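From a predicted model like this one, the values you see are computed outputs, not experimental measurements.
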Amino acid sequence: MIKQLIKSVREYKRDSFLAPIFVTLEVIIEVIIPYLMAELIDKGIDSGNMSFILKMGIALVISCVISLSFGALSGKYAANASAGFAKNLRKDMFYNVQKFSFANIDKFSTSSIVTRLTTDITNVQNAYQMIIRIAVRSPLMLLFSLIMAFGINHKLSIIFLVAIPVLGVGLYIIMSHAHPIFERVFKIYDKLNNVVQENLRGIRVVKSFVREDYEEKKFKNVSGDIYNDFVKAEKLLSFNAPLMQFSAYGCILLISWFGANLIVGKSMTTGELTSLIAYAMQILMSLMMLSMVFVMIIMARASAERISEILSEESDLNNPENPVTEIKNGDISFKNVNFGYSKKRKKLCLKNINLEIKSGETVGIIGGTGSSKSSLVQLIPRLYDTIDGDVLVGGRNVKEYDIEALRGEVAMVLQKNVLFSGTIKENLRWGDENASDEDIERVCRLAQADEFIQTFPQKYNTYIEQGGSNVSGGQKQRLCIARALLKKPKILILDDSTSAVDTKTDSSIRRAFKEEIPNTTKIIIAQRISSVEDADKIIVMENGEINGIGTHDELLKNNAIYQEVYNSQVKGGGSDE
């Protein structure tokens, strides 16, 4: 895990190296200062030597300035290194998420990924800064101060050797009990983000059903869980300060008591006792700072493990060694295909699928909810891989293609249409970033979107709010169809993407497809018979299997499921007529 995270330091290695160097120099100067003070007291003040007092005073001032300078430089480089490390971690995580297949994305919730990219990285950033600064400073200060203290009086310095194990055992007990709590807390953070995200996304539904009280209660419960766990963790960590104070004041009292006796016995000078007390404070402050580092590491460890999970996750969809980059045409073939999201044969979504679609054909897919219509078409651009069998596009197995090249020739308009914040033009240019205004207007006319766009004051420069909240469902669908057409794909897949438009507009879109993009293979998943009845062939799906294939007239004669759907829609007034 640590090796994996350290890879993200990259160009900030220099700053990460300089910070502890300047910390070391700062510590050396700080350890020298009590020695200079002892010399000032013993050889200057006690003997009344003003020239020596002046000399030592200047030396002390210079030492303080140098120590301050080294401290400022170490802080600067530590801040640069930690902020840069966090920036690279975010970048590496985000880039790795972009490589995820749908199966990988299903493994992590959206709220969990957001928490890892924000809260968890902040924890690791703070811990990294403390590690390259405080975690270097404290052990060095502890070591150098102990050496100097033993040099002054090794008998009194044994007091420190008794205090250090007491503190070490206490810190270990605190850390071992607090870490599991922090692990649990960050998982609950995922739930909290999910509740907030869900509430904001569905705020109109919440208000229309007057469910504010329910949502507030749900938020309060999750927030309360985080509060309770943090209270437990903080109660454990609160023992840290009293333990440190007990050890610090105990050491000072013992040093003062025994030191005073030694001074009376003429075996120790006042300056030596003063410097010994100063070293005692340095040692104990170092231990206190180390305890702070331990607390931060306890929190950061849980976060680091969660970050590592994202970084170590590898996409289960990869390019072959010598990928094919050219797709000849829009031919599609399914050969004995079995597929399931869980990879368990007992839970297959698609079973024994055999299907041939010629380039340029219009194919309709119809079936009940849960019949795996969407699962079928998602295998074409290789959003998922089959468990058994082969999917061929342009005469070659989709696993032989470069993934980007394959998906560049397959345009999908999914059930959940997504528009991004930006102008209509910016959204449409997701299909082709170099598309001209004329190309944009042409595909919008094909998708029957130009008419309503022209009614907007800013027309194609109209700003789309996040998620497309300022356009209707039907308008959003037509914009998404136009965006897909702008790719000029060899295969166009519409996954129930005209459900929010009226039958007249739906008919106009299908007619435009037939006339304007005759060589593009068109696959239309629909609930309405009218959306697919003109297709070259219609596939009827049931329970993950193909129940029937044929034209509209053929299926009306020999397919019971198609007959039932047709009759129910005609009687319900669902036909074009």
*Asks:* In terms of heavy-atom contacts, does CD of Glu404 have more than 12 from other residues, nucleotides or ligands at under 6.0 Å?
*Replies:*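 No.
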*Asks:* Carefully, step by step, assess Tyr77 and Arg14 under the rule side chain to side chain contact (heavy atoms under 4.5 Å, CB included).
*Replies:* CA-CA 9 Å; Tyr77 287 116; Arg14 173 179 166 272; 4.0 Å; yes
*Asks:* Measuring from atom CZ of Arg137 to atom CD1 of Ile132, what distance do you get when rounded to the nearest 0.5 angstrom?
*Replies:* 14.5 Å
*Asks:* Considering only heavy atoms from C-beta outward, does the side chain of Phe22 approach that of Leu25 to under 4.5 Å?
*Replies:* yes
*Asks:* Rounded to the nearest 0.5 Å, what's the gap from CD on Glu400 to CG on Leu406? Could you check?
*Replies:* 11.5 Å
*Asks:* Does any N or O in the side chain of Asn96 come within less than 3.5 Å of the main-chain N or O of Ile310, such that one atom is a donor and the other an acceptor?
*Replies:*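 Side chain of Asn96 to backbone of Ile310, a donor-acceptor pair under 3.5 Å: yes, one is there.
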*Asks:* Taking side chain as C-beta onward, heavy atoms only, is Phe85 less than 4.5 Å from Leu5?
*Replies:* yes
*Asks:* Any non-hydrogen side-chain atom of Ile32 less than 4.5 Å from a side-chain atom of Met148?
*Replies:*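 When only atoms from C-beta onward are counted, Met148 and Ile32 do not touch, as no gap falls below 4.5 Å.
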*Asks:* Restricting to non-hydrogen atoms, name the atom on Ile440 and the atom on Ala435 that form the minimum distance, rounded to 0.1 Å.
*Replies:*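 So the minimum-distance heavy-atom pair works out to CG1-CB, 4.3 Å.
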*Asks:* Just wondering, are more than 12 heavy atoms of other shown residues or ligands nearer than 6.0 Å to CZ in Phe150?
*Replies:*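 Enclosed.
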*Asks:* Quick one: does Lys487's side chain have a donor or acceptor within less than 3.5 Å of a partner on Glu409's backbone?
*Replies:*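 No, because the side chain of Lys487 does not come within donor-acceptor range (under 3.5 Å) of the backbone of Glu409.
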*Asks:* Is it the case that over 12 heavy atoms from other parts of the model lie below 6.0 angstrom from the CZ atom of Phe94?
*Replies:*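 Open.
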*Asks:* Please check if the number of heavy atoms outside Glu305 that lie under 6.0 Å from its CD is greater than 12.
*Replies:* yes
*Asks:* Given the rule in the side chain to side chain contact (heavy atoms under 4.5 Å, CB included) test, do Ser82 and Asn126 qualify, once you have shown the distances and angles that lead to the verdict?
*Replies:* CA-CA 7 Å; Ser82 61; Asn126 292 335; over 6 Å; no
*Asks:* Kindly check if the number of other-residue, nucleotide or ligand heavy atoms within 6.0 Å of NZ (Lys55) is above 12?
*Replies:*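 Atom NZ in Lys55 is not packed in, count stays at 12 or less.
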*Asks:* What closest approach, in Å, do Glu30 and Pro34 show between heavy atoms, and which atom pair accounts for it?
*Replies:* O-CD, 3.0 Å
*Asks:* In this structure, are over 12 heavy atoms from other groups packed under 6.0 Å from Glu326 atom CD?
*Replies:* no
*Asks:* Using side-chain heavy atoms (C-beta onward) and a distance below 4.5 Å, is Tyr12 in contact with Lys87?
*Replies:*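 Yes, side chains in contact.
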*Asks:* Do Leu383 and Met412 pass the side chain to side chain contact (heavy atoms under 4.5 Å, CB included) test, and can you show the C-alpha distance, the side-chain angles, and the key distance before you say yes or no?
*Replies:* CA-CA 11 Å; Leu383 297 179; Met412 290 190 71; 3.8 Å; yes
*Asks:* If you look at every heavy atom in Val398 and Ile380, which pair is closest and at what distance?
*Replies:* CG1-O, 3.5 Å
*Asks:* Just so I know, are the side chains of Leu479 and Asn427 near enough to count as touching, which here means a heavy-atom distance under 4.5 Å?
*Replies:*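 Contact flag for Leu479/Asn427 side chains = no.
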*Asks:* Do the side chains of Thr122 and Thr118 get nearer than 4.5 Å, heavy atoms only?
*Replies:* no
*Asks:* Between Asp15 and Lys76, does any NZ, NE, NH1 or NH2 come within less than 4.0 Å of an OD or OE carboxylate oxygen?
*Replies:* no
*Asks:* What's the spacing between Phe70 CZ and Ile29 CD1 if we round to 0.5 Å?
*Replies:*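 One gets 6.0 Å once the value is rounded to the nearest 0.5 Å.
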*Asks:* When you look at Thr423 and Gln458, which way does the side chain to side chain contact (heavy atoms under 4.5 Å, CB included) test go after all the steps?
*Replies:* CA-CA 9 Å; Thr423 64; Gln458 300 296 319; over 6 Å; no
*Asks:* Looking only at non-hydrogen atoms, find the nearest pair between Gln125 and Ala86 and report the distance.
*Replies:*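 Looks like OE1-CB, 3.3 Å.
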*Asks:* Count the heavy atoms of every other residue, nucleotide or ligand shown that sit under 6.0 Å from NZ of Lys488, and state whether that count exceeds 12.
*Replies:* no
*Asks:* Go through it in stages, so that I can follow the logic: the residues are Arg382 and Asp402, the test is salt bridge (Lys or Arg N to Asp or Glu O under 4.0 Å), and I'd like the CA-CA distance, side-chain angles, deciding distance and then a yes or no.
*Replies:* CA-CA 10 Å; Arg382 204 186 169 197; Asp402 175 81; over 6 Å; no
*Asks:* Please round to the nearest 0.5 Å and tell me the distance separating atom OG1 of Thr386 and atom CG of Asn397.
*Replies:* 7.5 Å
*Asks:* Looking at side-chain heavy atoms only, is the closest gap between Ile33 and Leu60 below 4.5 Å?
*Replies:* yes
*Asks:* For Tyr384, give me all partners under ring-ring contact (aromatic ring centres under 6.0 Å, His included), at least two apart in sequence or on another chain.
*Replies:* Phe102, Phe339, Tyr341
*Asks:* Measure across Ser16 and Tyr128 and return the closest heavy-atom pair with its distance rounded to 0.1 Å.
*Replies:* OG-OH, 2.6 Å
*Asks:* Is Ser308 reaching over with its side chain to a backbone N or O of Ala304, donor-acceptor style, under 3.5 angstrom?
*Replies:* no
*Asks:* Would you give the length of the straight line joining atom CZ of Arg483 to atom CD1 of Ile424, rounded to the nearest 0.5 angstrom?
*Replies:* 12.0 Å
*Asks:* Gly71 and Arg133: which non-hydrogen atoms are nearest, and at how many Å?
*Replies:* O-NH2, 3.0 Å
*Asks:* So how far is it from Asn228 CG to Ser223 OG, rounded to the nearest 0.5 Å?
*Replies:*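 Separation between the atoms: 9.5 Å.
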*Asks:* Go through the side-chain N and O atoms of Asp120 and Ser303 and say whether any donor and acceptor fall under 3.5 Å apart.
*Replies:*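 Side chains of Asp120 and Ser303: pair found under 3.5 Å.
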*Asks:* Do Arg306 and Thr115 make a side-chain contact, defined as non-hydrogen atoms from C-beta onward lying under 4.5 Å apart?
*Replies:* yes
